[in-house]
There are 2 protein chains.
Amino acid sequence: MIDQNIKIAVDAIVFGYEKGTLYVLAVQQRFGKLADRWVLPGGFILDDEPLITAVERELKEEAGITVSYLEQLATFGDDIKRDDRFRVISVAYFALVNPKNFVLKADTDAKDAKWFPVAQVPTLGYDHNEMVKLAHQRLKSKLTYQPIGFDLLDHEFLFSDLENLYCSILERDIDRRNFRKKILSFGIVKETDKVVKIGSSGRPGKLFVFDKPKYHQLLKENFQFDIRFA
Amino acid sequence: MIDQNIKIAVDAIVFGYEKGTLYVLAVQQRFGKLADRWVLPGGFILDDEPLITAVERELKEEAGITVSYLEQLATFGDDIKRDDRFRVISVAYFALVNPKNFVLKADTDAKDAKWFPVAQVPTLGYDHNEMVKLAHQRLKSKLTYQPIGFDLLDHEFLFSDLENLYCSILERDIDRRNFRKKILSFGIVKETDKVVKIGSSGRPGKLFVFDKPKYHQLLKENFQFDIRFA
DNA sequence: TAATTTTGTGTTGTTTTTACACAAATTAAA
DNA sequence: TTTAATTTGTGTAAAAACAACACAAAATTA
């Protein structure tokens with residue numbers, strides 16, 4: 001008979017983006033050994049609860065949000081002593097959300113919930129900084145072969161928003177003309193007839209939307225989203 | 001206090017390649033409810049054992065092999081009723097090995113161990129067919145952006161071996177000249193001065209080797225392995 | 001009304017990719 | 001021993017994709 005004394009948890013690395021800055025969501029623990037420490041949202045799963053449901057539940061409970069993109073990242077199985085009594089294995093999830101869509105509010109176990117710029121994430125509990133690092137890499141590479149940037153933007157966005165998102169997350173310059181040409185060539189971004197001047201000065205721009213159904217249709221026809229630059 | 005009644009297992013999807021055919025390793029269970037059923041090699045982890053160590057141990061125990069490439073694939077957390085008494089969550093690992101390097105021998109829990117052509121994998125226990133499917137996709141896509149094909153070949157190989165491997169795993173035709181040109185342009189495959197005529201007729205070919213140190217050096221210089229075809 | 005900011009747009013040279021065929025070295029068969 | 005069959009090895013040209021680049025238009029602010 002199997003005698004195992006290991007518990008399973010899930011953790012989420014949730015990225016948000018706003019005005020050229022990429023953020024990660026962290027929560028401050030209320031209870032336990034690590035009270036007051038910042039950690040990733042997450043927690044133990046219930047016996048009859050699918051992993052992904054557990055993540056969604058914890059995000060709702062600890063930060064009051066529902067993400068728009070969620071996928072499994074990796075399982076962190078070694079060196080974790082979350083508790084003295086047993087080993088914990090944590091399944092980490094990668095998530096994206098538009099921070100504008102929610103007001104963070106810590107509920108149950110969390111004392112506080114907060115967005116940290118990825119460049120200034122404090123030392124988190126457990127091995128959570130490692131998770132953030134891995135998730136950050138995943139975001140960077142995924143951005144180039146899957147149209148997930150749209151999950152970080154408003155439904156309607158300026159082309160410059162998309163361009164700035166790519167610039168700031170990938171940390172490189174992008175040629176505006178080539179970028180626009182490329183994205184438009186895919187046919188998955190549609191121009192609306194709305195024109196908007198946001199904030200300060202400058203010529204007003206047209207708003208665009210991501211045509212998700214079109215993207216999924218193209219996928220069936222072997223379309224391959226791919227944005228790379230030199 | 002956390003009251004969880006879930007056990008953790010690891011499973012491995014081990015691919016082998018020989019003469020144009022891709023194989024997956026399966027073992028036949030000796031004990032338990034699924035006695036005689038074919039399943040992926042794997043099993044429960046020990047309390048103080050890293051996940052990857054558990055995989056290596058099980059592969060050794062159940063099939064007598066040591067793989068040459070091993071990475072985490074995904075964690076299968078839902079719908080598993082391996083045992084009536086508790087839920088099982090399994091961390092699946094993706095592995096590659098050259099079948100020539102080992103003679104399969106079932107040891108401990110396994111009655112038998114066997115290579116199945118991927119196209120003819122029988123119905124396996126648990127959700128293992130799903131794991132094989134996911135691993136197969138991973139292999140296909142990874143082949144295009146990481147030089148892992150060499151882990152499936154002999155240390156010294158003919159260019160045609162490499163080409164056939166790509167053809168058969170990716171299931172498409174490849175232009176021999178363009179393929180060779182591209183691979184050689186990377187500078188990670190070296191020509192030896194050995195010439196060999198294998199098996200049947202035809203002009204003898206030169207043997208090549210994968211220059212792993214060179215590859216890792218190039219990686220540091222932002223080299224990106226990439227093989228794609230129309 | 002002049003200066004500043006931001007959007008929008010095309011062309012050209014360079015590089016990469018694709019398509020394609022025949023000679024050389026060997027074995028097997030006539 | 002000649003002929004057929006098999007497999008390796010190699011180059012070029014056309015097409016496509018990529019990279020680099022600058023200025024006018026629409027608005028705000030000074």
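Treat the numbers as computed from the prediction; the structure is a model and nothing was measured.
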(request) Measure from the ring center of B:Phe116 to the ring center of B:Tyr23 and say whether it is less than 6.0 Å. (result) no

(request) With DNA chain C as reference, determine whether A:Phe208 or A:Lys181 sits nearer its 5' end, using the nearest nucleotide of each. (result) A:Phe208

(message) It should be established whether B:Arg203 places a side-chain nitrogen or oxygen under 4.0 Å from OP1 or OP2 of nucleotide D:dT6.
(response) no

(message) With nearest nucleotide decided by heavy atoms, which residue, A:Gly202 or B:Leu158, maps closer to the 5′ end of DNA chain D?
(response) B:Leu158

(message) Just verifying a value: how many Å separate B:Gln217 CD and B:Asp211 CG, rounded to the nearest 0.5 Å?
(response) 8.5 Å

(request) Provide, to the nearest angstrom, the distance between the CG atom belonging to B:Asp175 and the P atom belonging to D:dT10. (result) 15 Å

(request) Would you kindly give the CZ-to-P distance between A:Phe179 and C:dG8, to the nearest whole Å? (result) 13 Å

(message) From C-beta outward on B:Ser201, which listed nucleotide comes closest to its side chain: C:dA25, C:dT27, C:dC20?
(response) C:dT27

(request) Looking only at side-chain atoms of B:Arg177, point me to the closest of D:dG9, C:dT7, C:dA21. (result) C:dA21

(request) Take the protein atom CZ of A:Phe186 and the nucleotide atom P of D:dA17, then report the distance between them rounded to whole Å. (result) 11 Å

(message) Using whole Å, what does the distance between atom P of nucleotide C:dA24 and atom NZ of B:Lys206 come to?
(response) 15 Å

(message) How many whole angstroms separate atom CD of A:Glu191 from atom C1' of C:dT7?
(response) 12 Å

(message) Nearest whole Å is fine: how far is C:dG10 P from A:Arg176 CZ?
(response) 14 Å

(message) Distance check needed: C:dT9 C1' versus A:Glu163 CD, whole Å only.
(response) 14 Å

(message) salt bridge (charged side-chain N to carboxylate O under 4.0 Å, His left out), that's the test. Do B:Glu56 and B:Lys60 meet it? Break it down for me.
(response) CA-CA 6 Å; B:Glu56 286 163 346; B:Lys60 198 72 194 165; over 6 Å; no

(message) Checking side-chain contact (heavy atoms from CB on, under 4.5 Å) between A:Leu96 and each of A:Tyr17, A:Phe150, A:Phe15, which is the one that passes?
(response) A:Phe15

(message) I want to verify a distance call: between C:dG8, C:dC20, D:dA27, whose nearest atom is closest to the A:Pro204 side chain?
(response) D:dA27

(message) Evaluate A:Glu18 against A:Lys100 for salt bridge (charged side-chain N to carboxylate O under 4.0 Å, His left out), listing each step before the verdict.
(response) CA-CA 8 Å; A:Glu18 205 160 23; A:Lys100 276 187 210 158; 5.0 Å; no

(request) Figure out the CD1/P separation between A:Ile174 and D:dA20, and round it to whole Å. (result) 13 Å

(request) Let me know, please, whether A:Gly205 or A:Asn178 comes out on the 5' side of the other along DNA chain C by nearest nucleotide. (result) A:Gly205

(message) For A:Lys182 and A:Val195, find the nucleotide of DNA chain D closest to each by heavy atoms; which residue's nucleotide sits nearer the 5' end?
(response) A:Lys182

